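First comes the structure, then the notes that go with it.
This one's a predicted model, so the numbers in the text were calculated from it and none came from an experiment. Proteins get letters first, then strands, A, B, ... in listed order; numbering begins at 1 in each.
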Protein chains: 2
Amino acid sequence: MARPERATKARVPLSKERILRAAVALADRDGFESLTMRKLAQELGAGAMSLYHYVPNKDELLDGMIDIVFSEIDLPPTDVDWRTAMRQRAISTREVLNRHRWANGLMESRTQPGPASFRLHDSVLGCLREAGFSIQMTVHAYSVQDSYIYGFALQEKSLPFETPEESAKVAEVMVRQFLANDYPYLAEVVAGHVAKVGYDFRSEFEYGLDLILDALEKRRDTG
Amino acid sequence: MARPERATKARVPLSKERILRAAVALADRDGFESLTMRKLAQELGAGAMSLYHYVPNKDELLDGMIDIVFSEIDLPPTDVDWRTAMRQRAISTREVLNRHRWANGLMESRTQPGPASFRLHDSVLGCLREAGFSIQMTVHAYSVQDSYIYGFALQEKSLPFETPEESAKVAEVMVRQFLANDYPYLAEVVAGHVAKVGYDFRSEFEYGLDLILDALEKRRDTG
DNA sequence: ACCTGAACACCGTTCAAGT
DNA sequence: ACCTGAACACCGTTCAAGT
C-alpha cells in the first residue's frame, strides 16, 4: 500500500530528506572523501544534477547532514539531577560522534547551525540554569564539557586501534620504536599501560568526564 | 654572499623543507581548500610536477606540514612545577592552533606522526611522570588535557567572531533569533553574558584549563 | 640530477534543454 | 514540475620526456 514500486526499479521520488539520509549513510560507509555529488546521486539512482533541485550546493548538503547527526544525540533528561543528565548527554554525544566519524571536525565549524543543533544547545544550557548555575558559570560549564567531549572524540578517531586487545598488540611494536628513537617516557607509558592492559576508550572518556563534572559541582555556587 | 640570486628571478632550488614551509604559509593565508599542488608549485615559481620529487603525494605533504605545526609548540619547561609547565604548554598549543587553524582537525588524525609530535608527547609525559604521577594517572592526565585543548581550539575556530567587541555585536542579532524560535535558554545566556561583556576566548580557555589542572592535582596521589 | 608538459580520471557546478 | 547531459574550470597524479 505505502510506497508502490513501479516495475523492477524502485521509483521513489527524490527529496531533501532522502538525499540527506543517503549522504550520511554514504559518508558512514565509505568515508568523507568518498562523498561526492556524483556518487551520492548514483546511490540514489539519479543523475548528479538532480540533487541540485533539493540542495543548493555541497556546503548546504553538509549543513543538513550535520544537523541529522545532532538530532541523534539524546537531549539531557529533565527528570534527574544535572550531573546525571550531563553525564548521559556527554556519553550519547560521544557515541554519535563515533557512529559518524566524518562529522567530528565539522560539527562545531558549520556557519549555519540547524534546528537540532539549537535544540540540543538550548536543552543543555537549560539543564545547567535550572540546576542553579549562574549565567557566567553556565557558560564555563558548557565550554569545558563540550571542549572535552569533542576533543576526546577527535583523538579517539585517530588512534590506530579500536579495541583494548588491538591496542595491546599495536603497543608492543610502538614501544620498540620509541626506545630506538629516544622517547623514554612514551616507551614507558605505552609499555607500562597500553601494552599491559590495552587502552579502553570508554573508561578513559568517563574518567575525564567525571573529573570535570566533579570540579563543576564544587564550583557551582562559587562562580 | 649567501644564496646568490641569478638574474631578476630568484633561482632558489626546491627542497622538501622549502616546499613544506610554503605549504604552511599558503594554508595560513588562503585557507585549507586553497592548498592545491598546482597553487603551491606556482607559489614557489615551479611546475606542479616538480613537487613530486620531494614529496611522494599530497598526504605526505600534509604529514610534513603538521609536524612543522607541532614543532612550533613550546615544550613544557623542566625548571618549574608540573602545573606551571602544563599550563604553559597548553597555552602555547592553543596559540599555535590559532595561528594555523587549518591544522586543527588534522593534528591528531595523521597516521604518520613526525619527530616534533613525538618529542612533544614525550616531554609532556615526562613532565607528569617526574612530578610523581603514576603511569595510570599520567595517561588520564594526558588524555583530559589534550582532549580539552584540542576541543577548545576546535570550537574557537568556528565561532563567528574574533574579539569580545565583535562577539557583543553578533550576540544581539542572535538573541532576537533565539527568542523568535523558542530557544529561551540560548537567548538568556547570550543576552545575559555574551551580549553584555563579550566573549573572551583567552579567559574562557584558562578557566577550563585551571579547573582541570586543579582536579588533576587533587587526584595525583589517589589514582 | 632536476625539472616539466600533456594527459587521465576525477571533482563541483552552470546552463540550456528534455519529459 | 521534475529531472538531466554536455561542458567548464578545476583537482591529484602518471608517464614519458626534456635540460
Can you confirm whether or not the ring centre of B:Phe178 sits under 6.0 Å from the ring centre of A:Phe118? yes
If a stem is a run of at least 3 consecutive Watson-Crick or G-U pairs, both distances under 3.5 Å, which stems include DNA chain D? C:4-8 with D:12-16, C:12-16 with D:4-8
Find the distance B:Lys16:NZ to C:dC2:C1' and express it as a whole number of Å. 17 Å
Could you pull out all residues at least two apart from A:Leu209 that satisfy side chain to side chain contact (heavy atoms under 4.5 Å, CB included)? A:Arg87, A:Ala90, A:Ile91, A:Tyr148, A:Phe205, A:Leu213
Ionic contact status for B:Glu206 with B:Arg202, cut-off 4.0 Å: yes
Supply the atom-to-atom distance B:Arg21 CZ to B:Leu26 CG, rounded to the nearest 0.5 angstrom. 15.0 Å
Tell me which pairs pass salt bridge (Lys or Arg N to Asp or Glu O under 4.0 Å) where either residue lies in residues 63-77 of chain A, with sequence neighbours left out. A:Asp63-A:Arg110, A:Glu72-A:Arg99
Each nucleotide of nucleotides 6-19 of chain D classed B (base within 4.0 Å of a protein heavy atom), S (only sugar-phosphate) or -, in 5' to 3' order, makes BB---BBBB-----
Can you run down the salt bridge (Lys or Arg N to Asp or Glu O under 4.0 Å) pairs that involve residues 177-198 of chain B, sequence neighbours left out, and say none if there aren't any? A:Arg129-B:Glu188
Is there a donor-acceptor contact under 3.5 Å linking the side chains of A:His121 and B:Tyr183? no
Could you state the CG-P distance from A:Leu44 to D:dT4, rounded to the nearest angstrom? 11 Å
Within residues 139-154 of chain A or reaching into it, pairs that qualify as salt bridge (Lys or Arg N to Asp or Glu O under 4.0 Å) - sequence neighbours excluded: A:Arg89-A:Asp146
